[in-house]
Amino acid sequence: MVGCCRPSDKKQKDEVKAPLATLSEVFSFAETPRVKLLMVAGCISASLGGLCVPAMAWVFSDSFTDLTASPDDEEFMSQIGGLSVRFVIVGILMFFFMTLHGTLIDTAANEMTNSFKTQWFKSLLRQDMTYFDIMDISGTATIIGVNGMKYKQGMGIKLGEGIQFFFTLIGGITFAIWSSWRVTLVMIVSVLPIMALSVFSLMKMNQTQSARAEESYAKAGSIVHTSVTSIRTILSMNGVEEMIQRFTVATQEAFEGASSQVIYVGAANGAVMGSLMLCYIPLVLYGGYLVYEGIRESGCDPSGAVSSNVECTPSASGVFGAMLGVTFGSAALPQVLGAIQEMIAVRAAIYPAIQVMNRKTKEEEDESDYEKDKTSITLPESNPLPEYQIDSSSNLGLKLSKPQGKIDFKDVTFAYPTRNEKNILKSFSLSIPAGKTVALVGSSGHGKSTVAALIQRFYDPVAGSISMDGADLKDMNVQWLREQIGVVSQEPSLFASTIRENIKIAFPEAGQQDIEEAARRANAHDFITSFPDGYETHVGQGGAQLSGGQKQRIAIARALIRRPRILLLDEATSALDSESEAVVQEAIDRIMEEQMQSVIIVAHRLSTVRNADSIVVVHQGAAVEQGTYDELMRKKSHFFRLVEEGQSGSSQSSLGASSTESMTDECLSFTDEEEPSEEMRQNSECLLSFQDVHFHYPSRPSSKIFRGLDLQIHQGETLALVGPSGQGKSTIIQLLEGFYRPTKGTISYKGTNVEDINVDWLRKQFGLVSQEPNLFHASITDNIRFGSPDATQADIEEAAKAANAHDFIMSFPNKYDTIVGATGSTKVSGGEKQRIAIARSLLRKPKVLLLDEATSALDSASERVVQAALDKIMADQSQTTIVIAHRLSTIRNADRIAVVDRGRVCELGTHTELMMLEEGMYRKLQSLQNMDSAERNTLVTTKRENSSNGPKADAYCETEEEKAHDTDDVVEEKDSDNVIRKARKFSEGDYGLFLIGSLGAVLAGLMFPGWGFTFAYMIELLYRPVPVCNADFRTCQEQWDLVADEMQDLSFKVACGLAGVICSAVLGHSLVWYGFGTAAERLNKKVRDAVFKNIMRQEVAWFDTQSVDALASRVADDTALLNTFCGSPIRMLIMNMSSVLVGIVTSFFFMWPFAVVAVFTLPFLVFAARARVKMFLGEDEGTYKEENEKSSGGIVIETLSNIRTVASLGIESVCSKKYLETLQIEEPSSISINMRKASMGLGQLIRVWCIALFFWWGGYILHTQPGKYSLRDFLISMFSLLFSITGMAMSMQGVSDPKVAKEAAKRVFGLIERPSAIDPLSTDGRKDL
């Protein structure tokens, strides 16, 4: 299926078995004394903070002894005051240590993470090219950010929490054993495993919530990415409905997978809450048994509040303290296990970095302090990394004092490490004199570009040697060597910054004068200064804002600014149109004439190397021929055959260009013969018509493309569009496909305005093949069938045969089932890819075939095969074909040729007719492709002088009439206050699920006041004061038995009450998650489907201004937040009403004076409860955020994606410095900034201080109003309220910020409701033409 990806089980197993770094390596990034001190101090603070929790258990268990004393005693309030002070002190200590460890460890983790990421990045930049040939660059670029985040989490707050909870665990269990070893043993055996398992399970569910969601919708997300990046292909093939169907199927699968799990997640939530109460049952039954049996035997007092009686052993405080110790310890155990798992994840995360850091040359290993037994890079056995010998960061090696630039290859044999079974160079020998120009020519794949790579020492030869000025390159300093070389490739990589920064990036010390001098030498200064911002013009991502010729000239200026001794030009003009090539070639020729450096040219177009001092023919890895152009032509050997081969397709047009004047009579005669056919063509049906068309791309309104375009295309003809780049040829294709609408004028199909024709029907009349066609990750059959779902296999094979594709497809082992279009699939060559795309278009049996530069990016051999297929198609008189071409030899047989320049058709006619126009542009374009360098330079210079005396082509001034038609259809995102109503409308039909969830919310909410109620009775049970034997009973034993029986009966009742509350918790949470969880998943699916459907309906102009990552985020992340307005508020309302409201009512009912004061603390208690729930249950850690070019992650991606450019420019240190500076801005390591981590400690402080207040105020009421309220009243009033607040915090877990959710909803509905200017799914418009 197109655009799908799903993690395999094998991958998951591999991740489990991932190798780990050592602990010493984990902590090795704490490099400075400051960081080490911060880490040690933070760990000590965490351990002391952990011990505060058992101290809290001791204070809390001892508190009820004071409360059970008689309120009438004079010392009662002083005891209560002392108790409150103890609470306050413990709260202060908890706040201090938790805040301190969170701040110190997180600050250290920030600095360690920055060090880790920077060292990893630096180590990657010094790797040889073999590493990047084998490793996944894009994956590596992303994993630095992902693993850096894991390292920071594991070494930051997770490490601190792990230490804190470890000491809580040890301290809690120790305190429990000291309090009552028998109760502790029973609870550990019966409750601890269940409690730890349930808490740990839920904690992991919360922590991986985003990861689960991402995995569930990975398939749908892949379809979104594929659809947006290939939108033109999908629209042109009428594949919108197919992609929507695939997305709907993917979201349905995700919905079914997610909704089937929600009830289990709910049960896990209920089990956690139930396990927290489960520990009270052994306490009530067994602890109570120990207490009342002690009373039955000796009449002791378990409360310790009756001074005249002996305290029981174990006492109530001992039994209750054991329960608290075990409870706190068991709650801490999952956090300890989580911290251990987090540390394992950290060790796995840094392992790839440690591998790269430890991959060093032999010389460096001898001087290194690293261990000698480091593991090597983990790779497939088929692609092992060779011994590491090329380190661009090393200071070792020769640096010649006066380099000349003489290069010698001596018997060099070389094979790429990824294909070591095939030698590319075989005993290759070549001498390149200093200051001379040597051109390397030959067929593709025979070693020309390999020579250039070896000169830069991207690789070392298998045998033989390469030297510069007599010194072996292996003995030279790598960085110094590359500084002597300037490189310009076929597709130069520009960085997302200004022109000035791009030129000076390899020479940071350069001044403006140096920059302008280099630009002038590269023929770039004039066009740069024509921009409004001049040298400060931003070039866009990869130089997207510039034309191909402009990019090449900036790349040449960048190569020249540091005055290299060697200039490598690797196919520097092959991807350019004739005019751009002429301008760039003039700059190259001028450099060659200066002889300031050795120039090495790799070229397919042999006319560009005519003036080289020496031409070397490289064939099958050897230099088989060498000499000047004329010498090699006289030999009539390899070079002669290459020239003949290259001219075979254009010899006739060259003849026409060179002998026009001598053939005037013949041409006039031919014209006379053409007149009848021209008349017949004019009388034939006009299929397509452009009438006074004006147009600019909506994303670039100031740049006019068409300024009154008039053109007619007749039924059955082949029309070729030629002209300089950027003048509108491809725009004609895009307007025909309905990707855009003209700002003025009319485009007609069979006499009907295309805007009145149904969009889907109109696109079915066209078949488009572009310069770089998109193949999807699917079989060849599915790729050809795309957009034609009803096609049979016979239809597919027939189309493949017509496209000259059938034979090579059948040569694959899996034939038409071969997977193409993605990494890991069978690679197809450029020519094969084009032929598959042609077959895909032919399968539709289009009325009009659109060929947009279908062969320009291919080498000569591939071009001939593809061109043969196109010629066969164009020969069909019933087929209307519109073809765009830079290589004019491919279109000389077209019925008509239209020359497009400055937004208009300036010439129109047959090849012969246009060649007769002595000053015509077509004739000049033909001449440019065949003239020698001197003629080309003269033409370019003349044109530059002429353009400098008049208005520049790019400086067109629009008229007021044109401005009046520049009404861009910009629809802003909806900013309506009705987003809540709109979101809820999507949940219509889910009311049954809401009812089930609401019932569960009632049960789950009532659990908390019920918990507080039973907790109060448990305290009353254990801390019952037992006076000494009195005269009211016949015997003391009778009194003791009565008290023991009453306590036994109460213990059973409390245990039953706890069991009921536990059942309420499990059942309630299961129903809550089933009802609201399923509704949320259904809402998620419906909204995603609606968003994606409307995205696919949008016009291309809208996609031009959208980020792929932003759209994917809206489909995935924003849609998930809409549940904030649907199920979440209902769940929160009902749980809060049944929890807090019942708790408040209960509190007021039993002791209203206490409740009045307690209610004012509710906001503080809610904050504290949320912090406590977050601490013990964990939270969603989120996912890795997408990066842009200005972020640290963006710098990594841009740098590694252009690693060859970075290496050839020698700017590794520049990139590393920029990366570190950005990291320090993004992740500051200031202690004051990291004080925000204090929320956990602050929450504990507030909670403990509120409890201190409650005890003091409740004791005060009991003391001042004796007889009106009992201890039971106070306990029920206090614990019902406290536990209800915990319920409120639990109900708020996972709920998004309403403001954030509202903004997300606005974005979502902005997408759903945005009208499309050109809707591919619209049923409007004519279909009967």
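Side chains are part of it too, since the values below use all heavy atoms of this structure and drop only hydrogens, waters and symmetry mates.
His696 contributes atom NE2, which lies 9.5 Å from atom CD1 of Ile705 (distance to the nearest 0.5 angstrom). Taken to the nearest 0.5 Å, the CZ atom of Arg707 stands 7.5 Å off from the CZ atom of Arg904. Atoms CD1 and CG, on Ile784 and Asp795 in that order, are 11.5 Å from each other to the nearest 0.5 Å. Expressed to the nearest 0.5 Å, how far CG of Leu711 lies from CZ of Arg896 amounts to 6.5 Å. Considering CD of Glu907 and NZ of Lys924, their distance stands at 9.0 Å, rounded to 0.5 Å. The structure places NE2 of His911 at 14.0 Å from CG of Asp895, a figure rounded to the nearest 0.5 Å.
By the 6.0 Å contact criterion, NZ on Lys635 is enclosed, its count of non-hydrogen atoms from other residues, nucleotides or ligands being greater than 12.
Lys448 and Ala603 get closest at one heavy-atom pair: CE-O, 4.3 Å. Among all heavy-atom pairs drawn from Cys906 and Met921, the shortest one is SG-SD, 4.4 Å. Considering all non-hydrogen atoms of both residues, Asp692 and Gly708 come closest at OD1-CA, 3.4 Å. Of all non-hydrogen atoms in Arg763 and Pro1320, the two that sit nearest each other are NH1-CB, 3.6 Å. In terms of heavy atoms, Val905 sits closest to Asp710 at CG2-O, 3.6 Å. Of all the heavy atoms in Ala522 and Ile556, the pair that sits closest is CB-CG2, 3.7 Å.
Put simply, the residue from Val900, Ile733, Ile891 that forms a side chain to side chain contact (heavy atoms under 4.5 Å, CB included) with Ile884 is Ile733. Of the residues listed (Val609, Val441, Val488), the one engaging Ile601 in a side chain to side chain contact (heavy atoms under 4.5 Å, CB included) is Val609, and it is the only one. Checked against Val848 for a side chain to side chain contact (heavy atoms under 4.5 Å, CB included), the options Leu719, Leu768, Leu687, Ile713 give a single hit: Leu687.
Counting heavy atoms from C-beta on, the side chains of Ile897 and Leu908 never come closer than 4.5 Å. Side-chain contact between Arg840 and Thr233 is present, with heavy atoms from C-beta onward closer than 4.5 Å. Residues Pro742 and Glu755 have side chains in contact (heavy-atom distance under 4.5 Å, counting atoms from C-beta outward). Using a 4.5 Å heavy-atom threshold, the side chains of Phe640 and Arg634 count as separate. The shortest distance between side-chain heavy atoms of Tyr922 and Leu917 does not fall below 4.5 Å. Between Arg844 and Met237, the closest side-chain pair of non-hydrogen atoms falls below 4.5 Å. Inter-residue side-chain proximity for Leu775 and Ile836 is flagged as met; some heavy-atom pair is nearer than 4.5 Å.
Between the side chain of Glu1099 and the backbone N or O of Ala1317, at least one donor-acceptor pair lies under 3.5 Å. Between the side chain of Thr880 and the backbone N or O of Gly716 there is at least one donor-acceptor pair closer than 3.5 Å. A donor-acceptor pair under 3.5 Å is formed between the side chain of Asn758 and the backbone N or O of Trp761. Using a distance-only test at 3.5 Å, with no hydrogens or angles considered, a donor-acceptor pair links the side chain of Lys729 to the main chain of Gly723. Here the side chain of Thr743 pairs a donor or acceptor atom with the backbone of His694 at under 3.5 angstrom.
Ion pairing of Glu918 with Arg923 is absent here, as no side-chain N (NZ or NE/NH1/NH2) approaches a carboxylate O to less than 4.0 Å. Salt-bridge annotation for Lys764 and Asp760: present, with a side-chain N of the basic residue lying under 4.0 Å from a carboxylate O of the acidic one.
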Q | Derivation of the side chain to side chain contact (heavy atoms under 4.5 Å, CB included) call for Val769 and Asp852 | A | CA-CA 6 Å; Val769 181; Asp852 189 359; over 6 Å; no

Q: May I have the step-by-step check of side chain to side chain contact (heavy atoms under 4.5 Å, CB included) for Tyr749 and Lys847, ending in yes or no?
A: CA-CA 11 Å; Tyr749 178 81; Lys847 297 288 193 306; 4.0 Å; yes

Q: Please step through side chain to side chain contact (heavy atoms under 4.5 Å, CB included) for the pair Leu632 and Val643, ending with a clear verdict.
A: CA-CA 10 Å; Leu632 296 181; Val643 174; over 6 Å; no

Q.
Between Phe739 and Ile1318, is the side chain to side chain contact (heavy atoms under 4.5 Å, CB included) condition met? List the steps.
A. CA-CA 7 Å; Phe739 294 163; Ile1318 310 173; over 6 Å; no

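The side-chain hydrogen bond (donor to acceptor under 3.5 Å, both in side chains) contacts involving residues 731-740 comprise Arg232-Gln734, Arg232-Tyr740, Tyr697-Thr731, Tyr697-Gln734, Tyr740-Asp1104, where partners must be two or more places apart or lie in separate chains.
Checked against side-chain contact (heavy atoms from CB on, under 4.5 Å), Leu736 has the following partners two or more places apart in sequence or in another chain: Leu688, Phe690, Ile732, Ile747, Phe766, Leu850, Ile882.
Under the 30°/60° scheme for interplanar angles, the aromatic rings of Phe695 and Phe706 are found to be tilted.
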